[in-house]
Amino acid sequence: VIATWDDHEIDNNWSWTSGGTQAMFDKSLLEFRRGLPQRLGPAGTRIWRKLSWGQTLDVFVLDCRGERKDGNYISPEQMSWLKEQLSASTAVFKVIMNSVPIFDFTGTIVGSIEASDRWQGYPAQRSELLDHIAAAGITGVVWVTGDFHIGGTGYISPAGTAGEDQLEVLTGPAGSPINPAAGLVQPGDRILSIVDTWNYVLFEATPTVERS
């Protein structure tokens, strides 16, 4: 099990600006790790970390909840680490494990609803990361996320913008209620599929496929 956390380890839509305290954060992190033991990230205190399977697969586990401070979605330290590790990766597939979508829902029924609870509400950092991936010519990037209680796949950015060729896979829920918006989001040029029932995702990483 490769695990990251999101809001409900603490409280719904939790952030430091919503009344968070260090004591509550520390207790929640301790209990999360007791329930799901995990390898520690850089400096031995981080949730964000990388796990590798040779030249086939690197999994980049993000903490998109516990570092929302000073107008940032993730800390500058996490951003620098992610960009450096993506640039250094020689794996065919670079799967970025993301608790809340990086997909830009502009032009869909979701639009900007609760954008502050996902990457879309932090456009400067979103652009910083996607521009870096594009400028460095990094290939094989796939985003995996939960939170929306909808399954589906889609290209994260509109045509002509950074990220237009990167897929995000929304997975789950496995047992929680289905988001009623699932029936309103229609597949199209960017949203390739929607799954409006309980689901899981199975990946097969084959290292001999052409890089793209």
Side-chain angles (χ1 to χ4, degrees), residues 1-9 29 32-68 73-103 118-119 122 125-126 128-134 136-148 150-157 162-163 165-174 192-193 195 199-212:
V1 175
I2 305 173
T4 188
W5 68 349
D6 198 30
D7 51 344
H8 288 283
E9 278 72 28
L29 181 59
F32 173 67
R33 285 183 164 150
R34 281 176 172 170
L36 292 166
Q38 60 202 242
R39 182 182 303 173
L40 297 180
T45 60
R46 311 290 193 179
I47 284 178
W48 40 274
R49 59 202 188 278
K50 183 184 79 170
L51 297 95
S52 298
W53 284 262
Q55 299 296 302
T56 300
L57 173 66
D58 281 339
V59 176
F60 300 88
V61 184
L62 303 189
D63 178 2
C64 295
R65 183 62 58 176
E67 297 184 345
R68 296 189 189 188
Y73 185 64
I74 60 177
S75 67
E77 293 81 6
Q78 184 177 178
M79 176 67 78
S80 295
W81 166 84
L82 180 58
K83 292 193 296 183
E84 290 170 2
Q85 292 295 321
L86 282 170
S87 293
S89 174
T90 58
V92 175
F93 300 104
K94 303 161 187 71
V95 174
I96 302 178
M97 188 174 161
N98 201 35
S99 57
V100 184
I102 195 168
F103 193 95
R118 58 182 187 275
W119 280 100
Y122 299 81
Q125 280 202 320
R126 184 181 186 275
E128 178 184 351
L129 179 54
L130 296 182
D131 288 346
H132 172 79
I133 292 172
I138 299 169
T139 60
V141 175
V142 179
W143 299 81
V144 180
T145 191
D147 185 70
F148 261 41
I150 297 174
T153 57
Y155 292 105
I156 65 174
S157 299
D165 58 344
Q166 295 174 34
L167 279 173
E168 183 162 55
V169 179
L170 280 73
T171 182
L192 305 180
S193 64
V195 181
N199 67 89
Y200 65 93
V201 171
L202 175 66
F203 284 94
E204 181 176 325
T206 304
T208 55
V209 301
E210 182 179 354
R211 290 173 182 259
S212 62

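One-based numbering along the sequence shown. Excluded from the calculations below are hydrogen atoms, water molecules and symmetry mates; all remaining heavy atoms, backbone and side chain alike, are included.
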For the backbone of [Y] and the side chain of [X], can you confirm whether one donor and one acceptor N or O come within less than 3.5 Å of each other?
X      : Y      : value
Ser89  : Gln85  : no
Arg49  : Arg39  : yes
Asn199 : Gly172 : yes

How many angstroms lie between [atom1] in [X] and [atom2] in [Y], if you round to the nearest 0.5 Å?
X      : Y      : atom1 : atom2 : value
Arg46  : Leu40  : CZ    : CG    : 11.5 Å
Leu170 : Trp143 : CG    : CH2   : 13.0 Å
Leu62  : Phe60  : CG    : CZ    : 9.5 Å
Leu29  : Arg34  : CG    : CZ    : 11.0 Å
Ile156 : Gln166 : CD1   : CD    : 4.5 Å

Nearest heavy-atom pair of [X] and [Y]: which atoms, and what distance?
X      : Y      : value
Val201 : Thr171 : CG2-OG1, 3.3 Å
Ile133 : Val141 : CG2-CG2, 4.2 Å
Trp53  : Leu51  : CZ3-O, 3.5 Å
Arg126 : Ser157 : NH2-OG, 3.1 Å
Asn98  : Cys64  : OD1-SG, 3.3 Å
Thr139 : Lys94  : O-NZ, 2.8 Å

Mind checking whether [X] and [Y] have side chains closer than 4.5 Å, heavy atoms only?
X      : Y      : result
Asp7   : Val100 : no
Phe32  : Ile47  : yes
Gln55  : Val92  : no
Tyr122 : Arg68  : yes
Ile102 : Ile96  : no
Tyr155 : Leu167 : yes

Determine, step by step, whether Phe203 and Val144 satisfy the side-chain contact (heavy atoms from CB on, under 4.5 Å) criterion, reporting the C-alpha distance in whole Å, the side-chain angles of both residues, the deciding distance to 0.1 Å, and the verdict.
CA-CA 11 Å; Phe203 284 94; Val144 180; 3.7 Å; yes
Is there a side-chain contact (heavy atoms from CB on, under 4.5 Å) between Thr4 and Trp48 once you walk through the steps?
CA-CA 8 Å; Thr4 188; Trp48 40 274; over 6 Å; no
Apply side chain to side chain contact (heavy atoms under 4.5 Å, CB included) to Gln125 and list each qualifying residue two or more places apart in sequence or on a separate chain.
Asn72, Tyr73, Ile74, Met79, Trp119, Glu128
Worked check of side-chain contact (heavy atoms from CB on, under 4.5 Å) between Val1 and Gln38
CA-CA 8 Å; Val1 175; Gln38 60 202 242; over 6 Å; no
Apply side-chain hydrogen bond (donor to acceptor under 3.5 Å, both in side chains) to Gln78 and list each qualifying residue two or more places apart in sequence or on a separate chain.
Glu67
